[in-house]
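One structure is given below, encoded as structure tokens.
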Amino acid sequence: MRYLVTAALPYANGPLHIGHIAGCYLPSDIFVRYQRLMGRDVKYICGSDEHGVPITLRARKEGITPQQVVDTYHAMMRDSFKEFGISFDIYHRTSDKIHHETASDFFTTLYNKGVFKEEESEQYFDEEANLFLADRYITGTCPNCSNPNAYGDQCEKCGKTLSPRELINPHSQLSGKAPVLRKTKHWYLPLDTMQQEWLQEWLLSKEDTWKKNVFGQCKSWLDQGLQPRAVTRDLDWGVPVPLPGNEGKVLYVWFDAPIGYISATKALTAQWEDYWKKEDSKLIHFIGKDNIVFHCIIFPAMLKAHGNYVLPENVPANEFLNLEGDKISTSRNWAVWLHEYLLDFPNKQDVLRYALCATAPETKDNDFTWKDFQDRNNNELVAVFGNFVNRTLVLTAKYFENNVPARGKLDDAEKTCLDALTSAPKLVQESIERYRFREALSHVMDLARAGNKYLADTEPWKLYKTDPEKVATILNLALEITATLSYLCEPFLPFTSQKLQAMLNIQPKSWTDAFGNEALVAGHALGEASLLFDKIEDEEISKQIQKLEATKINNTPVEEISTGEKSLTPFKDVTTYDDFSKMDLRVATIVAAEKVEKADKLLKLTLDTGIDTRTVVSGIALHFNVDEIIGKQVTLLANLAPRKIRGIESNGMILMAEDGDGKLVFVQPARATKNGSTIA
RNA sequence: GGCGUGGUAGCUCAGUCGGUUAGAGCGCAGCACUCAUAAUGCUGAGGUCGGGAGUUCGAAUCUCCCCCACGCUACCA
């Protein structure tokens with residue numbers, strides 16, 4: 001049996017922050033270190049995801065090539081991971097030749113098997129730049145919130161997922177011109193038929209073994225019915241489509257990226273196929289919750305379509321980590337960056353590892369605060385773990401010249417202590433096997449607590465004068481606990497483990513060897529003791545909090561400027577009076593309003609136009625209460641063709657003004673005017 | 001609106017198949033101790049288990065309705 005553990009490929013257009021670490025890299029690292037200690041055959045795979053549109057956008061913005069962008073961030077992330085003790089067997093990258101070949105072959109195999117559906121569609125094309133525009137290259141006015149700077153795939157203001165065709169007044173980010181529609185061919189993965197054939201059945205079989213949040217999300221997707229998904233894009237940055245006559249097309253990044261796990265394994269070992277194709281291999285994907293669909297549905301679909309590959313055994317996705325009560329945001333710089341932490345807190349990798357593991361968002365979103373970080377360091381690592389080790393070593397140095405004393409007769413206190421000693425590894429093991437890393441870590445701390453209690457109960461410092469032999473037994477056991485702690489904490493606190501083992505003058509051991517035997521023999525000479533953890537003072541914490549508050553202050557004016565100036569929609573093309581005069585604009589009064597059933601944003605308005613009373617459905621329910629708009633005079637586009645919305649016929653359209661923040665205001669006459677008055 | 005996940009002590013969370021008095025860590029209060037980085041140990045206060053109804057001898061746990069948070073999704077001319 002062998003394990004293949006993957007951690008989500010981080011996207012190479014920005015540095016790593018604590019959310020990435022807590023959600024994915026730390027849990028996977030703990031899991032893998034544990035598997036190694038159990039003597040299991042495990043490979044731990046990760047790498048930079050270096051394709052896709054945002055990287056090309058950043059490159060354009062900074063006036064460099066996409067390769068330069070990814071080189072920078074790839075090196076940065078690789079180094080941060082290493083320094084933080086994330087123990088990948090390989091940290092690869094998707095711009096590597098091996099990956100291009102692997103992804104290319106993968107596509108070709110599926111193509112030759114006739115898996116894909118081929119389809120032509122109309123996409124926006126920039127005639128000046130002479131290329132098809134990726135969704136991100138197109139901006140326009142959001143049909144949802146009227147934000148004039150919405151992207152073709154998503155409006156960042158209201159969060160709505162869009163397609164470029166929905167944008168009002170679209171323009172190319174490259175030339176600034178309005179793009180034209182042109183036909184293009186793409187290949188689709190037929191998830192809909194796969195759902196029927198096997199995917200649904202396979203996923204439903206995971207109900208008992210996968211985390212609830214993960215299974216629930218998959219179930220939700222299945223219930224809505226899967227749709228075919230394009231696996232190619234018109235773009236020049238990525239893995240080229242390996243079919244003749246298809247220049248300017250690449251594999252879509254979601255198709256390309258997970259294959260990166262395979263290429264990385266290839267780059268790591270010639271036996272890569274054992275890990276991917278032998279039935280007794282367990283494939284485990286560690287990811288954040290934003291990646292559930294790709295790893296639970298789409299990638300398995302790809303692997304199955306290819307044939308011979310194992311499907312994931314488990315996908316233990318975490319939820320999100322917040323920071324001081326707010327969502328972590330790269331663009332708003334609201335984050336604790338790993339590379340900055342490593343500079344600000346040198347040699348304190350384990351403190352962050354501890355804090356993030358203890359507060360990891362395993363079952364729901366969780367909050368990281370600097371106060372919590374400080375408390376966990378001072379009250380748990382220093383006071384419980386470090387202090388127990390220190391008092392044990394100090395006592396041993398004082399009474400036994402730094403040699404391990406012999407164990408004598410065992411009383412009840414000793415038996416209780418030995419119970420804790422033998423049960424701790426089992427508890428930690430069980431928790432890790434169930435992907436409960438917070439719980440596992442607390443079992444480690446419980447052993448240190450048991451040690452502190454043992455010392456407090458037996459009081460060797462009092463006994464020494466009257467019964468030095470008893471003290472020898474006590475310290476023998478206490479030292480045995482410190483040795484066990486050094487082995488047991490390795491997956492979580494690898495730096496501390498090493499340091500402690502040096503202090504005890506012992507060698508690293510696999511868990512199978514370490515537990516169940518006495519780690520220290522009488523007479524063993526201990527090494528030099530030092531403190532495992534230092535207190536973190538208030539000053540250091542308030543410095544970090546101030547740093548965050550500064551970004552908050554810096555953020556506000558920038559955003560205001562950007563929405564105030566940059567975001568104003570450019571003027572539209574010239575029109576004629578004839579065109580304008582076709583529109584019948586009238587003053588009307590809202591006489592009734594009600595929420596449309598089963599729609600969050602829709603209000604059904606009844607208008608008095610002076611000539612008739614009519615119904616208009618308007619998407620303004622998020623901006624106004626029903627009560628506050630009744631009696632308001634508004635501008636009505638009266639001769640707009642009727643249209644059914646949610647089963648209600650809408651006759652016309654209410655004109656709204658929109659400020660930079662997406663707030664809507666009625667356009668109305670400066671004074672109350674007769675209903676039906678014309679506007680021209 | 002639909003779907004998913006969650007709501008348990010001041011904070012972070014556990015709670016198995018429905019079963020006695022709902023637990024842990026941190027924080028707080030008191031006591032003990034002095035080997036230890038004022039660290040440790042013990043004791044205690046603190047809960048209408050989001051709200052309401054139901055099933056049951058018995059509900060944090062099962063059913064229904066509602067509220068709140070996060071995510072997915074629908075409606076938007």
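Any value given below was found using the heavy atoms of this structure, including those in side chains, with hydrogens, waters and symmetry copies removed. Lettering follows sequence order; numbering is per chain, from 1.
Proximity of A/Lys364 to the phosphate of B/A69: no side-chain N or O atom is located under 4.0 Å from OP1 or OP2. Taking 4.0 angstrom as the limit, A/Lys462 places none of its side-chain polar atoms (N or O) nearer than this to OP1 or OP2 of B/C35. Distances shown here put every side-chain N or O of A/Asn366 at or beyond 4.0 Å from the OP1 or OP2 atom of B/U12. Contact check, A/Lys398 against B/A36: no side-chain N or O comes under 4.0 Å of OP1 or OP2.
Note on A/Asp365 versus A/Lys327: no salt bridge recorded, every NZ/NE/NH1/NH2 to OD/OE distance being 4.0 Å or above. With salt bridges taken as basic N to acidic carboxylate O contacts below 4.0 Å, one links A/Glu414 and A/Lys470. Note on A/Lys371 versus A/Asp375: salt bridge recorded, some NZ/NE/NH1/NH2 to OD/OE distance being below 4.0 Å.
The listed nucleotides are B/U5, B/C35, B/U40; the one nearest the side chain of A/Asn452 is B/U40.
If you look at A/Tyr435 and A/Phe31, their ring centroids are closer than 6.0 Å. You'll find the ring centres of A/Phe533 and A/Tyr354 outside the 6.0 Å limit.
Non-hydrogen atoms lying under 4.0 Å from RNA chain B are contributed by A/Arg449, all within residues 441-450 of chain A.
Dense packing is recorded around CD of A/Glu433, with more than 12 heavy atoms of other residues, nucleotides or ligands lying under 6.0 Å away.
At the heavy-atom level, A/Val394 lies under 4.0 Å from the strands shown only through sugar-phosphate atoms.
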